[in-house]
2 protein chains.
Amino acid sequence: MRVVVPFGGDSPKTRLAPFLDADERRDFALAMLRDVLDTVEAAGGNPVVLADAPVEVDEQRSSAHQTMSGDVDVPVIVDDRPLTEAVNDQLGGDDPIAIVMADLALVTEAALTRLFETAGDVVAAPGLGGGTNALVVRTPDFRVDYHGASIADHRAIAADVGASFVEVDSMRLAVDIDESDDLVEVLLHSEGRAGEWVEAAGVELDTDGGRVTAIRRRR
Amino acid sequence: MRVVVPFGGDSPKTRLAPFLDADERRDFALAMLRDVLDTVEAAGGNPVVLADAPVEVDEQRSSAHQTMSGDVDVPVIVDDRPLTEAVNDQLGGDDPIAIVMADLALVTEAALTRLFETAGDVVAAPGLGGGTNALVVRTPDFRVDYHGASIADHRAIAADVGASFVEVDSMRLAVDIDESDDLVEVLLHSEGRAGEWVEAAGVELDTDGGRVTAIRRRR
């Protein structure tokens with residue numbers, strides 16, 4: 001299955017600004033993107049990056065990945081329109097297609113396999129805060145709308161076109177990484193480059209207070 | 001399987017204070033507890049409430065539930081020690097036992113069934129922020145420690161006693177309701193009393209900004 005991975009490469013992850021400077025945010029966003037691309041391939045998908053600016057995804061992919069699937073380039077489509085328009089331009093064909101966000105740092109092969117194998121005209125993995133972090137679309141009539149509480153909008157859009165809508169219950173697909181608190185999840189649950197990158201950047205768990213938080217002791 | 005549901009009935013959900021007053025927080029906490037108890041029973045478990053103060057759980061349980069299983073009282077054990085000690089006092093027996101938190105407002109029968117049916121000496125559903133929202137324990141040697149990033153501690157404790165440790169990947173078990181932002185998830189995903197309670201209290205989604213938030217327009 002073709003798996004479109006939207007990537008905001010222009011100024012990624014601005015809400016991590018208190019923690020990471022602009023170059024670091026870009027590096028970290030690329031680490032997450034590469035984790036997602038490898039995991040899509042491991043789950044049997046054919047990834048395509050849909051970026052709002054040119055991006056070089058292949059230079060640092062893992063040796064494990066290269067051993068597994070050779071040195072295959074992942075195609076990059078550059079489309080600088082807003083996310084919803086760019087994704088809708090990819091929909092409407094007869095073949096099933098998936099949309100998987102690039103900042104799912106906790107993604108696992110098992111979670112994506114479950115997403116890809118769940119039956120339904122539209123299969124969605126809700127994100128925290130009302131988002132739709134991953135979709136499989138098996139009908140040409142469905143369109144996305146990522147503004148606002150998109151999971152509720154996507155339920156309604158599917159109903160409007162008479163398509164079944166099935167949700168996949170996954171924490172690893174629900175957590176996208178936008179804010180410093182989300183780095184707690186990366187430190188605890190990432191199995192890829194994203195976790196390594198955050199640790200190397202000096203970000204650590206702080207368990208002293210009532211809540212677990214992420215802190216950065218050194219730069 | 002015996003399913004222990006710890007409930008902080010003394011002054012529940014204090015971090016919801018900006019949104020809900022003390023009586024409301026208690027009502028809402030009871031609505032979530034009742035959803036969890038019904039869902040445990042639907043998934044084939046035998047729930048027991050482990051409370052730090054006396055609590056009346058049965059008066060408002062659903063008629064659907066009463067039709068299904070009769071007017072069965074859920075036993076309440078009152079233990080005013082800290083959570084970790086009170087739960088550990090329930091462990092150590094030869095029969096499998098589960099621990100499911102009372103504030104999992106998004107819980108579904110499917111998610112709990114998956115938890116209960118996953119093989120492993122210790123099966124855990126991680127919570128956001130490093131918590132351990134649900135556990136199945138099939139070895140008498142395991143003990144809990146809910147302080148700090150408990151999911152990491154529980155992995156280590158299982159390894160120390162030579163027990164296998166398996167994680168269940170579920171958003172519906174990962175989200176516990178502590179803060180006003182969490183009410184977004186209740187409004188979007190609850191299938192029980194908790195969602196009805198929050199709507200009746202006048203809490204609504206606000207999708208005007210970049211993030212979806214919960215607001216309370218009326219009291």
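Quick note on labels: first sequence line is chain A, next is B, and so on, each numbered from 1.
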Heavy-atom side-chain proximity of A:Met171 to B:Leu128 below 4.5 angstrom: yes
Taking every heavy atom of B:Gly127 against every heavy atom of A:Glu185, the minimum-distance pair comes out as O-OE1, 4.4 Å
Report which part of A:Leu188 has an atom under 4.5 Å of a heavy atom belonging to chain B: side chain, backbone, both, or neither. both
Heavy-atom distances under 4.5 Å only: say whether B:Leu106 touches chain A with side chain, backbone, both or neither. neither
Residue, of A:Ala111, A:Gly131, A:Ala125, A:Pro126, that accumulates the most heavy atom pairs under 4.5 Å with chain B: A:Pro126
On a heavy-atom basis, which atom in B:Leu205 and which in A:Ala149 lie closest, and how many Å separate them? CD1-CB, 4.3 Å
Nearest heavy-atom approach of B:Gly130 to A:Val184 is N-CG1, 4.5 Å
Can you say whether A:Arg211 sits under 4.5 Å from chain B via the side chain, the backbone, both, or neither, judging by heavy atoms? side chain
Hey, is A:Arg114 close enough to B:Asp169 for a salt bridge, meaning N to O under 4.0 Å? yes
Most chain B-contacting option - heavy-atom pairs closer than 4.5 Å, from A:Ser170, A:Ala110, A:Ala174: A:Ser170
Engaged part of B:Val175 at the chain A interface, taking heavy atoms whose separation is under 4.5 Å: side chain
